[in-house]
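Here the structure comes first, spelled out in structure tokens, and everything after it is commentary.
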Amino acid sequence: MRIKLFNKIDQVGLDLFDKDFYYAEDIDNEDGILVRSASLHDYEFPKELKAIARAGAGVNNIPIESCSKKGIVVFNTPGANANAVKELTLCALLLASRKIVEGVNWTRSIANEDDFSQLVEKGKGQFAGPEIASKKLGVIGLGAIGVNVANAAIKLGMDVLGYDPYISVNAAWNLSKWVKHVTNLDEIFASCDYVTIHIPSTPETKGLINKAAIAKMKEGVRLLNLARGDLIIEDDVIEALRSRKISYYVTDFGSKKLVKEENVLCLPHLGASTPESEENCAKLAVKELMDYLQNGNIRNSINLPSIVEPRTTSVRICIIHRNVPNMLAKLTTVIGESGINIENMYNKAKGDYAYTIIDTESHVDKEAFDHVDNVIRVRIIKD
């Protein structure tokens, strides 16, 4: 099977591919794609393409709906870079408080002065800032990163409020009992000294931090955004910085406008830029691609439900279809008319799309499903 690389993918991950796989940047008619930040919105997918794995959490560089319509499974690697982003967020908390970067830059600017030590003592007051201990931190988004940030902030002595209407069972289990889980964003805005955002960019979340939201925040709030740039309305944040409503803004998604503003620190998209994170993301992305292409298993997909089941038969039929009534009846009718005995059958849905796996020992041609409405793609995997 052919895997096309759209970015430099850590070799530790690529080494997991077995002899059934060939990977390169300059191949055509690929079965799978491995990508990090490269945009695929203008890329013409070959008809052979079955899956895309993003070595990272965000997938706004991938045309999700177009992939779904074509039966292309899109994977990401949630949690693989969680520790890296958590550590940078903790750093951002301190940077937003103490004007450390400004102080370092100022100290360098007077390095050649004869009275350097005296100037340092006289000038250090302009970089003073509050401690984070005992302050309130609002964490918006309690996925893998948000939970890690919230738990770490508790250990640093902060009072932490967490908001996530879609918190998973696994995240809830991992969240410290000392984090107050709130159900209304206004409670975070009204009471928190620091607000940090850890949610994906979706049509519902874009522009979450806008003029109306900022008006509800505490005077002098310090805002952190290491998630996605479009979660804020940039002009609204700049206006709030100039009026001192927002004391400081740290973001991993700078712009020409933001970088020129006072009390703004723009990081060069460093969130997952650690060797450990890149290795973790690469390994997980490769494992997801391999398991889907070889076994039909889906784990950590953005557009299709997760089904991970061991193969116990020589033939596995993998069907991506619309999530509409009577689909299973139609599929089993085809199976019955083909004289096939079903050993195991699995089905799950996610939004408008569903996935069905049928295990059998019998031969079947995927063309048998051609006349079934709402079937998007059929794959037959044989030993």
Side-chain angles (χ1 to χ4, degrees), residues 6-10 12-13 34-40 53-62 74-97 100-101 132 137-153 156 158 160 162-164 171 174 194-202 205-209 222-232 234 237 248-259 264-285 288 300 302:
F6 272 80
N7 294 100
K8 178 176 171 52
I9 304 296
D10 197 282
V12 172
L34 270 174
V35 64
R36 289 175 61 197
S37 58
S39 176
L40 300 182
R54 158 79 163 99
V59 291
N60 55 343
N61 57 325
I62 301 171
V74 179
F75 298 96
N76 69 346
T77 57
N81 61 4
N83 187 69
V85 180
K86 176 206 75 176
E87 290 185 1
L88 190 64
T89 303
L90 297 179
C91 177
L93 276 171
L94 300 172
L95 295 175
S97 295
I100 297 167
V101 172
I132 64 174
L137 170 67
V139 180
I140 301 175
L142 294 171
I145 295 170
V147 166
N148 282 355
V149 169
N151 291 349
L156 292 172
M158 302 189 80
V160 181
Y163 171 82
D164 193 330
N174 290 324
Y194 300 80
V195 174
T196 182
I197 312 168
H198 300 286
I199 55 177
S201 173
T202 68
T205 61
K206 286 181 180 179
L208 177 73
I209 305 301
R222 297 168 195 270
L223 179 64
L224 314 178
N225 177 16
L226 278 70
R228 282 291 176 266
D230 60 8
L231 297 174
I232 69 151
E234 194 170 277
V237 169
Y248 211 95
Y249 179 48
V250 182
T251 181
D252 213 14
F253 303 90
S255 70
K256 288 184 178 180
K257 291 172 78 172
L258 280 170
V259 78
V264 173
L265 183 59
C266 294
L267 304 173
H269 204 179
L270 294 178
S273 296
T274 67
E276 295 87 351
S277 173
E278 291 182 7
E279 286 184 10
N280 291 339
C281 288
K283 288 191 288 188
L284 183 52
E288 291 166 345
N300 299 325
I302 294 297

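As the structure is a computational prediction, the values presented were derived from the model and not from experiment. Heavy-atom basis, side chains included; hydrogens, waters and symmetry copies ignored.
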So, using side-chain hydrogen bond (donor to acceptor under 3.5 Å, both in side chains) as the criterion, who are the partners of [X] when residues are at least two apart?
X	result
T196	H198
K206	none
Y163	none
N60	none

Heavy-atom closest pair, residues [X] and [Y]:
X	Y	result
S37	N7	N-OD1, 3.2 Å
S255	C266	N-SG, 4.4 Å
N174	N151	O-ND2, 2.9 Å
V264	L258	CG1-O, 3.5 Å

*Sequence neighbours excluded, which residues qualify as salt bridge (Lys or Arg N to Asp or Glu O under 4.0 Å) partners of K8?*
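If we apply the salt bridge (Lys or Arg N to Asp or Glu O under 4.0 Å) test to K8, skipping adjacent residues, there are no hits.
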*salt bridge (Lys or Arg N to Asp or Glu O under 4.0 Å) with R36: which residues, sequence neighbours excluded?*
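R36 satisfies salt bridge (Lys or Arg N to Asp or Glu O under 4.0 Å) with E278 once adjacent residues are dropped.
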Residues that [X] engages under side chain to side chain contact (heavy atoms under 4.5 Å, CB included), provided they are two or more places apart:
X	answer
N61	V35, R54
A92	L224, L226, V250
S277	N81, A84, A272, T274, C281
N148	A82, K86

*asked:* Keeping T205 on the side-chain end and P200 on the backbone end, is there a donor-acceptor pair under 3.5 Å?
replied: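 It does hold such a pair.
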*D252 and side-chain contact (heavy atoms from CB on, under 4.5 Å): which partner among N225, L265, L88?*
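One option only clears the test, and that one is L88.
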*asked:* So, applying side-chain contact (heavy atoms from CB on, under 4.5 Å) with Y194, which one of L93, V160, V139 is it?
replied: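 Testing Y194 for a side-chain contact (heavy atoms from CB on, under 4.5 Å) against L93, V160, V139 leaves exactly one candidate, L93.
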If you define the side chain from C-beta out and look only at heavy atoms, does anything of [X] sit under 4.5 Å from [Y]?
X	Y	answer
I197	L223	yes
T77	N280	no
I62	N76	no

_Nearest 0.5 angstrom please: F75 CZ to L284 CG, how far?_
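It comes to 10.0 Å.
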*Can you tell me how far CG of L94 sits from CG of L156, rounded to the nearest 0.5 angstrom?*
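Here the rounded value is 7.5 Å.
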*Any chance the side chains of E87 and N83 put a donor and an acceptor closer than 3.5 Å?*
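The answer is yes; a qualifying pair exists.
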*Residues that Y248 engages under ring pair (Phe, Tyr, Trp, His ring centres under 6.0 Å), provided they are two or more places apart*: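 With sequence neighbours excluded, Y248 shows a ring pair (Phe, Tyr, Trp, His ring centres under 6.0 Å) to no residue whatsoever.
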